[in-house]
Amino acid sequence: MTPVLLIHIGAGVLGIVSGAVAIAARKGARLHRAAGTVFFGAMLITAALAIYLAGFVPPSAAGAAPPQASIAVGLLTAYLVVTAWMTARRRQARDAAFEKLAFPAALGIAATLLFFGLRAANAPPGSTLVAPYFVFAGFAAFLAALDLKVIVQGGISGKARIARHLWRMCFALFFATAFFFLGQQKVMPVGLRGSPVLLALGFAPLAFLVFWLIRVRFGKAFASAPQDS
């Protein structure tokens with residue numbers, strides 16, 4: 001196992017642990033901010049090294065995703081983390097400057113994944129997976145549409161800003177848990193491979209995402225979040 005791969009795995013594990021702490025901690029508290037900062041850095045390292053491994057390390061199995069497609073998914077992960085981080089740091093409601101950069105990035109990722117999805121659809125049957133390309137491409141296009149909405153309305157604030165930060169961070173964490181607990185089961189103990197435990201761990205961020213979105217949208221804890229002036 002190469003040093004780059006070891007750092008990639010280590011950063012991914014750190015991202016999962018720090019992300020879990022950030023989700024469990026009281027929002028806005030010192031622990032939440034500290035864990036979120038660690039998660040931000042760890043996930044950026046994980047995504048950057050995933051892009052490097054896809055571009056410079058040959059795939060170990062026949063039928064693996066083309067490097068360019070894996071790079072696009074790595075960029076999508078980095079995009080989620082960066083846009084979530086910038087949303088939390090936003091200080092002015094009427095400010096969509098960052099989204100003017102994020103929008104074309106998400107659109108480019110969607111177009112890239114769509115291209116490789118179409119190419120995979122025309123490949124010999126069974127040679128490569130097709131559906132994941134279109135799922136990720138659709139998700140990236142959805143993200144681009146949300147960025148465009150923020151640009152059109154001139155910014156975002158209040159509960160909508162908090163929700164945007166939460167769900168983007170949760171999806172980035174879901175990417176990490178899904179790839180680790182579900183996509184790397186060969187490194188898990190034999191008794192756990194294919195078990196509901198790994199399935200639950202892989203999808204746990206989505207369950208927390210639903211919980212927190214309900215609290216943000218309908219709970220009283222975030223009722224005092226500043227709105228547009």
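Taking all atoms of both residues into account, the shortest heavy-atom contact from K27 to A25 is NZ-O, 2.8 Å. Annotation for G74 and A47: closest pair O-CB, 3.5 Å, computed over non-hydrogen atoms. Closest of all the heavy-atom pairs between A106 and D147 is CB-OD2, 4.3 Å. Closest heavy-atom contact between G36 and A22: N-CB, 4.1 Å. Between A11 and A42, the closest heavy-atom pair is O-CB, 3.5 Å. Among all heavy-atom pairs drawn from I23 and C170, the shortest one is CD1-SG, 4.2 Å.
Taken from OG1 in T77 to CD1 in I109, the straight-line distance is 8.5 Å, to the nearest 0.5 Å. The structure places CG of L206 at 9.0 Å from CG of L173, a figure rounded to the nearest 0.5 Å. Taking CE from M169 and CZ from F39, the interatomic distance works out to 6.0 Å, rounded to the nearest 0.5 Å. Here the CG atom belonging to L53 is positioned 6.5 Å from the OG1 atom belonging to T2, to the nearest 0.5 angstrom. Annotation: the span from L5 atom CG to I9 atom CD1 amounts to 4.0 Å, rounded to 0.5 Å.
In this structure, R193 contributes its side chain and M188 its backbone to a donor-acceptor pair below 3.5 Å. No donor-acceptor pair under 3.5 Å is formed between the side chain of R168 and the backbone N or O of V81. Formation of a donor-acceptor pair under 3.5 Å by the H165 side chain with backbone atoms of A84 is found in this model. When atom types are taken as modelled, the side chain of R161 and the backbone of I156 share no donor-acceptor pair closer than 3.5 angstrom. At least one donor-acceptor pair under 3.5 Å links the side chain of H8 to the backbone N or O of T46. Not a single donor-acceptor pair under 3.5 Å links the side chain of E99 to the backbone N or O of L148.
In this structure, Y79 and L143 have side chains that are in contact, with non-hydrogen atoms separated by less than 4.5 Å. Contact annotation: the side chain of T37 approaches that of W85 to within less than 4.5 Å [non-hydrogen atoms, C-beta and beyond]. Inter-residue side-chain proximity for R164 and V150 is flagged as met; some heavy-atom pair is nearer than 4.5 Å. Side-chain contact between V73 and L113: present, with at least one pair of heavy atoms (C-beta onward) separated by less than 4.5 Å.
Between F174 and F203, the angle of the ring planes lies from 30° to 60°, which puts this pair in the tilted group. Using the six-membered ring where Trp is involved, F171 and F139 have ring planes that are tilted, between 30° and 60° apart.
Each of L199, L201, V197, L192 was evaluated against F181; a single residue qualifies, L201, per the side-chain contact (heavy atoms from CB on, under 4.5 Å) test.
By the rule that hydrophobic residues join a cluster once side-chain heavy atoms approach within less than 4.5 Å of another member, L107 and L80 end up as members of separate clusters. Residues F40 and L14 fall into different hydrophobic clusters, defined by Ile, Leu, Val, Met, Phe, Trp and Tyr side chains chained together at heavy-atom separations under 4.5 Å. Taking hydrophobic clusters as Ile, Leu, Val, Met, Phe, Trp and Tyr residues chained together by side-chain heavy-atom distances below 4.5 Å, I162 shares a cluster with W212. Both L209 and L182 belong to a common hydrophobic cluster when Ile, Leu, Val, Met, Phe, Trp and Tyr are linked at side-chain heavy-atom distances under 4.5 angstrom. In the hydrophobic cluster analysis, where Ile, Leu, Val, Met, Phe, Trp and Tyr join through side-chain heavy atoms closer than 4.5 angstrom, V4 is grouped together with I7.
Ring centroid separation for the pair F134 and F116 does not come in under the 6.0 Å cut-off.
For F211, the CZ atom counts as densely surrounded, since its 6.0 Å shell holds more than 12 non-hydrogen atoms of other residues, nucleotides or ligands.
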Practice prompt. Please test F98 against F103 for ring pair (Phe, Tyr, Trp, His ring centres under 6.0 Å), starting from the C-alpha separation and ending with a verdict.
Written response: CA-CA 9 Å; F98 184 76; F103 169 67; over 10 Å; no
